[in-house]
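Here the structure is laid out as structure tokens; the discussion comes afterwards.
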Amino acid sequence: MRNGEIAEAFEELASLYELDGAVVYRVVAYRNAAKAIRESGVSVEEMARQGRADELAGVGKTIAEKIGALLDDGSIPAADKLKGRIPSGLIEVTRIPGLGPKRARLLHEQLGIESLDDLRAAAEDGRLEGVQGFGAKAAENVRAALAAGADGSDKPRLLLSKALEVGEALVGALREHPAALRVELAGSARRWADSCKDLDIVCAASDPAALVAAFTELPEIDQVGSSGEAGARAVTHSGLPVDLRIVPAESFGNLLQHFTGSGKHNEALRTDAVKRGLHVSEYGVADDESGESHAFETEEEVYAKVGLAYIEPELRENRGELKAARDGKLPELIRLEDIRGDLHSHTTLSDGRNSMREMAEAARDRGYEYLAITDHSATHGFGDDVPPDELRKQIERVAALNEELDGITLLAGTETNILPEGKLDYEDELLEQLDWVVASVHTSFQMGEQKMTDRMVAAIGHPLVDVIGHPTGRLIGRREPYALNVDRVIEAAAEAGTFLEINANPNRRDLPDNYAKAAVEAGVTIAIDSDSHGVDTLVNMRYGVATARRAWLTKANVANTRPWAEVDKLRKTPRKRYQ
DNA sequence: GCCGTTTTCGGCCCGACTGTTTTCAGTCG
């Protein structure tokens, strides 16, 4: 079973316990365990088989046993038992705004409601008002939510690149307003998560009312829900909810820290602080000893007050960053400026939109020292392939252009398909003449896990494969990863010395952060590549670096923070012509 | 149900808002 599937089972179990009226701490414990399982960079099934599932933070003896039962029998006995009492449709009912587990349970007990359809009927025929705690307003809110299309599914999330497009425009416009003192994007966008469900903007202002008024008039804003001196809630034309908060400048650090999250990070931070007699909220840090509350202008001061080193937003996911901050063991995260070249790009020779020269000049303008031209191989499958003879000519064209270009080195490369049997798309004799070889899967996505993993491991073992491109094949929010044993892929890459890519395309960000972290811990070197198909997407490198930062990576973990000559030496098969 | 530089038992973040209350529970972020 995949980590995601195991996590889902425990999320369901948490909801069932919650509807059954279990103590909230038990429900939270199951939810925390589900999160740890989902985010694990190694196979939890494998850990469980080895009796090590309880090494995950938040998984103890009881949950470890339940994981075992789930793997052995396909279900958790406690969940099966609860399902006898609690209809699964009730979980959807709890996702209607304003309805939670307590009220859903009440509706089940008093009206026999078991599904959204039942809820709709009861809201329409007036039975809802008869339930204790429900008045006319509550019933009306349910009717409105259902009419607005609430269907019991989780809120949709927008890809980070789309959210940032809007968020950066809003922040830029607000910063230009004369009343603005400080304006920062907070929330999941500031943590560079894969996707966002809303935007949070935190401001300090000399004239709050004027700044709020200006915000509601911005061209990106469609509807304004509520607004006042303290901020506004609005929705953009693209349907993204935006929360604007205005705070006093002297407590800007507290608010920014609070609204950057994540919720789990803040919860853990506060629990930790309580042990030191400190109570952290968005307004300040209250000190039991002095009885005073301390407000801070900067986040650095907030973290210092609770005895922690400053934690970068990308790390604030409660994945061990608090302990590392306490022990002074936070990594010095890689920065975008550390990147010295891009090792995966396309031109019009395959499916790119710009010529080799245009790509080279654009890369040089970004300050890169080198750019690998890696057009698709002979069986790419989408047309625009590069047959062997064409690739030979391309090597010559790269050499000729290098003669003309100053300030950047072009590398002759390929993004070769990994064929279903694990072989590559060109003969070794041709691959040997290339400076850089990316190998990726672009066909036969539906293979079983064993075959797909064998296929990948075979490519990793090929002496002339420098890096595996977008190793899991996921498309964020649209396509699950291939059925792949990522543990084995990482192990094979570590053993062979083959690099694994963090593909920086914002739709991919592949390797994902959890796997990239596990890969580096296993000794794998990472390459962060834009996979640009035009000059306009070289900037996507920032999403790859963000994923690397979320994976706790340093400059040293990433190949292309080095000059090209060092990258050549670092890979498993340095090419003779460079020696 | 988990966890341990106060604890192997007794804790387990903080505050705002809403609607229904007659002092607060439930929900949300």
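Labels below follow one simple rule: chain letters A, B, ... track the order of the sequence lines, proteins then strands, and each chain is numbered from 1.
- Spacing between dC2(B) and dT6(B) at atom P, rounded to whole Å, works out to 23 Å.
- Comparing dC14(B) with dT20(B), their P atoms are spaced 30 Å from each other, to the whole Å.
- With respect to the salt-bridge test (charged N to carboxylate O, under 4.0 angstrom), the residues Glu39(A) and Lys517(A) do not qualify.
- For Glu140(A) and Lys137(A), the salt-bridge test fails: no basic side-chain N is under 4.0 Å from an acidic carboxylate O.
- Taking atom C1' on both nucleotides, dC13(B) is separated from dC28(B) by 14 Å, rounded to a whole Å.
- Within the model, atoms CZ of Arg474(A) and CG of Leu484(A) stand 13.5 Å from one another, a figure rounded to the nearest 0.5 Å.
- The 5' end of DNA chain B is approached more closely, in terms of each residue's nearest nucleotide, by Ala64(A) than by the other of Leu278(A) and Ala64(A).
- Relative to the six-membered ring of Tyr17(A), Arg26(A) meets both conditions, a distance below 6.0 Å and an angle of at most 45° to the axis.
- A side-chain hydrogen bond (donor to acceptor under 3.5 Å, both in side chains) with Glu317(A) is found for one member of Lys264(A), Arg550(A), Lys35(A) and no other, namely Arg550(A).
- One atom, CD of Gln257(A), and another, C1' of dC13(B), lie 12 Å apart when rounded to the nearest Å.
- Listed for the Asn3(A) side chain is a donor-acceptor partner under 3.5 Å among the backbone atoms of Ser40(A).
- Looking at Asp54(A) and Lys61(A), no side-chain N of the basic residue comes within less than 4.0 Å of a carboxylate O on the acidic one, giving no salt bridge.
- The pairing partner recorded for dT8(B) is none, the criterion being a Watson-Crick or G-U wobble arrangement whose two distances lie under 3.5 angstrom.
- To the nearest angstrom, C1' of dC13(B) lies 15 Å from CZ of Arg276(A).
- The one candidate from Gln110(A), Arg103(A), Glu109(A) that meets the side chain to side chain contact (heavy atoms under 4.5 Å, CB included) condition with Val131(A) is Gln110(A).
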Detail all sub-3.5 Å separations between protein N/O atoms and N/O atoms belonging to nucleotides 4-7 of chain B.
none

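- For Ser281(A), no side-chain nitrogen or oxygen approaches OP1 or OP2 of dC13(B) to under 4.0 Å.
- Using P as the reference atom, dC12(B) and dT7(B) are 16 Å apart when rounded to the nearest Å.
- Between dG11(B) and dA16(B), the two P atoms lie 26 Å apart (nearest whole Å).
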**OP:** Go along nucleotides 18-29 of chain B 5' to 3' and tag each nucleotide: B for a protein heavy atom under 4.0 Å from its base, S when only backbone or sugar atoms are that close, - otherwise.
**Re:** -SS-----SSSS
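- By the 4.0 Å N-to-carboxylate-O rule, Asp243(A) lies close enough to Arg245(A) to be salt-bridged with it.
- Straight-line distance from the CG atom of Asn318(A) to the P atom of dC2(B): 16 Å, rounded to whole Å.
- Counting non-hydrogen atoms under 4.0 angstrom, Ala273(A) reaches nothing in the nucleic acid.
- For the pair Thr271(A) and dC12(B), the criterion of a side-chain N or O lying under 4.0 Å from OP1 or OP2 is not met.
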Subject >> Working for side-chain contact (heavy atoms from CB on, under 4.5 Å), residues Arg542(A) and Trp192(A) >> reply: CA-CA 10 Å; Arg542(A) 67 182 187 147; Trp192(A) 292 80; 3.7 Å; yes
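- The stretch residues 24-51 of chain A touches DNA chain B through Tyr25(A), Arg26(A), Ala29(A), Tyr30(A), each having a heavy atom under 4.0 angstrom from the strand.
- Separating the CG atom of Asn266(A) from the P atom of dC14(B) is a distance of 11 Å, rounded to the nearest angstrom.
- Comparing the P positions of dT23(B) and dC17(B) gives a spacing of 23 Å, expressed to the nearest Å.
- In this structure, Leu255(A) places its CG atom 13 Å from C1' of dA16(B), rounding to the nearest Å.
- Remark: the separation of the P atoms in dC24(B) and dG10(B) is 28 Å, to the nearest Å.
- Here dT8(B) presents its C1' atom at 14 Å from NZ of Lys61(A), a figure rounded to the nearest Å.
- Rounded to whole angstrom, the span from the CG atom of Asn254(A) across to the C1' atom of dC14(B) amounts to 13 Å.
- Remark: P of dG15(B) and CG of Leu269(A) are 13 Å apart, rounded to the nearest angstrom.
- For the pair Gly544(A) and Ile502(A), the tightest heavy-atom approach, listed with the atom from each and the gap, is O-CG2, 3.7 Å.
- Distance CD/Glu12(A) to CD1/Ile76(A): 8.0 Å, rounded to 0.5 Å.
- dT27(B) and dT21(B) have their C1' atoms separated by 16 Å, given to the nearest Å.
- A donor-acceptor pair shorter than 3.5 Å can be found between the side chains of Asp80(A) and Ser75(A).
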